[in-house]
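Take a look at the structure below.
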Amino acid sequence: MATREDPVTALRGVGPQAAKALAKGGIATVGELLLHLPQRYEDRTRFVPLADIKIGQCCLARGQVVKVDAGYGRRRALTATLEEAGGFLTIRFFHYNAQQRQALRPGIWLRCFGEARVGPAGREMVHPEYRASSTRPDEPDAVLTPVYGTVGGITGVRLRRFIASALDDGAAQGGSNLPLAPFPALDDAIVFLHRPPPQTTPDELDAARTRIAQDELLAQHLLMKARQALRERLATRPLPRSQGLGRELRANLDFALTRAQQRVTAEVLNDLERNRPAMRLLQGDVGSGKTIVAAFAAIRAAEHGCQTAVMAPTEILVEQHYEQFSGWLTPLGIDVAAITGRLSAGERQARLDATQRGDALVVVGTHALFQSTVIFKSLALIIIDEQHRFGVHQRMMLRHKGRAPHQLIMTATPIPRTLTMALYADMDISVIDELPPQRKPVQTRVTPGARRGEVMERVGDWCRPGRQAYWVCTLIQESDALDSQAAEAVAVELQAALPHLKVGLAHGRLAPRERTDTMARFKAGDIDVLVATTVIEVGVDVPNASLMVIDNAERLGLAQLHQLRGRVGRGGQQSHCILLFEPPLSDIARKRLAVMRETNDGFAIAEKDLALRGPGDVLGTRQTGEETFRVADLMRDAHLMPRIIKLGEVLDPEAKATVLETWGGMAHASYVEV
Ligand code: ADP
Ligand code: MG
């Protein structure tokens, strides 16, 4: 008798081989297996009289064999004609063995399931599932037949047997009991979905699925709350107001902070003054000015001699952050170091030493900062830029490098509120909902690739009076090598067409030093047109670049297009974006390009993106493999969050424990860690 907590091997018929395959699909326990829900159902709960079967109908039929024909013609096929109550049906097999053939004798009864189609002699089923008997079969199935998707190479048919075995053992029992009609007991909803009674409606199935999804979202919510509560109990070093270096930086800036930046900076600094480790998610559209907020936080830590780790997803961004931070902080006497891939072994060691000694107060790097060779003397603050690029696990690893450091996580992916509730309940949220003044929305045009020549001329004209442009190549998103080749070809083409301009090239296959030099020259205005792959996607900041051409824009997702376009429109001048596409456009690509043409609002774009692609892709969680749900679907279920949160508030500890047990230790294991 297997229970929910048992490994799948506790079930009849599940050996080590199958268990290994299931584990690949994230199923280790019987309980997890039971949460693998059917994709659809087949109805074998009633016999459809032969005379009533309709073409295209998938149904259960029965009849007595009146004629068998193993034709020896060109298309050799075994056929049998069934009869019952004046109705007829042919069943046809193109492949069969001698045994099958012998078993099909006139006089026997068949029960078969398949799809009816038009055959040479009326309605027929080709290769139906069938069972022979000597008497008239009169027991249809008691429940709908579940059809499962394969897991780790285990077919749906085998899974059906495994799951049936688990249900027969009563392994579904012991789930939560919550005031959620019409399925207060989780077990009932699980059993219902695997074995729906005859005549079950889609609405009833949906109610059962929703019940399970609510349980899962609740479990996730409770885990996050538990994690938050644990964090609240950790003590950390408070970083109160000190030397006023922040005020000094403010005076040095050549712009005034927006109101939103001021508000959010205050929120962040307020966190740092507490003796509890902060965990704040800072959302702000591309170009809203998140970096300066991070700089104020780093300054506060530095005023106390404490270190800040700034983590960015790409080397280019690391370089850029390094420049920005050092530009702002070095004049205040705060040492900033970048740890990047382009350092020589000696340089690298020198910076690691400075980090370990605590001389470098701000250390910028990619996920290389996670490596055990990077040792901080007094890490008090972790700033993670473009959070959606990193997994939760990576974040965790960095936390262990300090004593409960504060965390500030920045993202340009605007996340709708219900999703934030579902995924980030353990964080405080700040939003920069205002762009710096004088930003003019980027004007976007969608142009077929056939007009490339004209577009190149336009680039030439645009750059003549000292303006700059990006030309982004996106040949094959998945292939850095091919993308880089394409960029090289475009650079040659552009340079030939526009001999009066300086064309630069930045792509992932260049040596980091070369790429950084190019970026620096572009920033300094030595390069007029930067041909680049999507390596420039995140965060690159060259305000004088005001025209962007994106090749094969139809291949990119909305979030990526928005990020790319966010590279222009940063200075005071009117900026333009030209989205070149190669016809024919798929429906979804057409919609995406239309969205880009119509709006510059990151929030609106994220909502559209969500509708077109689903949250896993929007948040990038699909790639990092975290926050995946077994049953819940954020697209469908996120709107339930307010209710789920209320439910979590009134639940007694025992009920909470049951919910957590059902779902804990699974996909969200990372949330348990503090
Ligand atoms: P993001 O939020 O996309 O990370 P950045 O921090 O890179 O944006 O800022 C984009 C650009 O805007 C930078 O050049 C930055 O110096 C500038 N900037 C930031 N805040 C302001 C402001 N209040 N007024 C004018 N420019 C600003
Ligand atoms: Mg940024």
Side-chain angles (χ1 to χ4, degrees), residues 1-41 145-169 171-172 175 186 190-191 193-195 209 212-213 215-217 219-220 223 367 370 388-397 422-423 477-479 613-637 660-673:
M1 284 292 121
T3 66
R4 204 192 275 281
E5 293 76 31
D6 283 335
V8 282
T9 45
L11 296 170
R12 249 167 296 124
V14 185
Q17 211 65 32
K20 218 170 125 192
L22 289 173
K24 263 191 240 145
I27 294 177
T29 67
V30 173
E32 286 163 1
L33 179 66
L34 284 171
L35 292 168
H36 183 63
L37 300 178
Q39 289 174 331
R40 60 189 177 87
Y41 300 89
T145 309
V147 179
Y148 299 97
T150 57
V151 175
I154 305 279
T155 63
V157 173
R158 281 185 82 194
L159 286 169
R160 186 189 295 162
R161 275 205 305 277
F162 296 169
I163 290 170
S165 162
L167 292 171
D168 291 343
D169 281 0
L186 179 72
I190 290 177
V191 173
L193 282 169
H194 289 295
R195 296 181 161 167
R209 195 203 60 83
I212 301 175
D215 217 81
E216 183 171 32
L217 289 171
Q220 154 107 343
L223 274 167
H367 45 272
F370 293 129
H388 62 285
R389 297 290 172 121
F390 296 102
V392 165
H393 288 288
Q394 291 186 315
R395 231 155 59 202
M396 293 301 163
M397 284 166 64
L423 293 173
Q477 250 177 290
E478 290 73 30
S479 164
R613 283 197 305 160
D617 289 307
V618 175
L619 302 174
T621 49
R622 185 152 302 162
Q623 292 90 299
T624 54
E626 63 182 274
E627 292 153 2
T628 45
F629 294 90
R630 278 171 200 277
V631 175
D633 171 351
L634 289 179
M635 203 65 201
R636 276 168 77 155
D637 302 321
L660 285 169
E661 264 165 40
T662 305
W663 301 94
M666 302 193 333
H668 327 302
S670 54
Y671 281 100
V672 190
E673 229 182 306

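FYI, the numbering just counts along the sequence from 1. As the structure is a computational prediction, the values presented were derived from the model and not from experiment.
- The side chain to side chain contact (heavy atoms under 4.5 Å, CB included) check on Ala632 picks up Ala213, Glu216, Leu217, Phe629, Asp637, with sequence neighbours excluded.
- With sequence neighbours left out, Val151 forms a side chain to side chain contact (heavy atoms under 4.5 Å, CB included) with Leu22, Ile27, His36, Leu159.
- Residues that satisfy the side chain to side chain donor-acceptor pair (under 3.5 Å) test with His194, not counting sequence neighbours, are Tyr148.
- Checked against side chain to side chain contact (heavy atoms under 4.5 Å, CB included), Thr145 has the following partners two or more places apart in sequence or in another chain: Glu42, Arg44, Asp141, Arg160.
- Residues forming a salt bridge (Lys or Arg N to Asp or Glu O under 4.0 Å) with Arg636 (at least two apart in sequence, or on another chain): Asp206.
- Among residues two or more places apart in sequence or in another chain, the side chain to side chain donor-acceptor pair (under 3.5 Å) test is passed with Arg40 by none.
- Residues Ala172 and Leu167 share a closest heavy-atom pair of CB-CD2, 4.3 Å.
- Arg158 pairs by the side chain to side chain donor-acceptor pair (under 3.5 Å) definition with nothing, not counting sequence neighbours.
- For Ala19, the side chain to side chain contact (heavy atoms under 4.5 Å, CB included) criterion is met by Val8, Thr9, not counting sequence neighbours.
- Residues Arg4 and Leu34 are not in side-chain contact: their nearest non-hydrogen atoms beyond the backbone lie 4.5 Å or more apart.
- When all heavy atoms are compared, the tightest approach of Ser165 to Leu11 is OG-CD2, 3.9 Å.
- Here the shortest heavy-atom pairing between Asp6 and Ala2 reads OD2-CA, 3.4 Å.
- Across all non-hydrogen atoms, the minimal contact from Gly152 to Ala21 is O-CB, 3.3 Å.
- For residues 10-21, the side chain to side chain donor-acceptor pair (under 3.5 Å) pairs, not counting sequence neighbours, are Arg12-Asp169.
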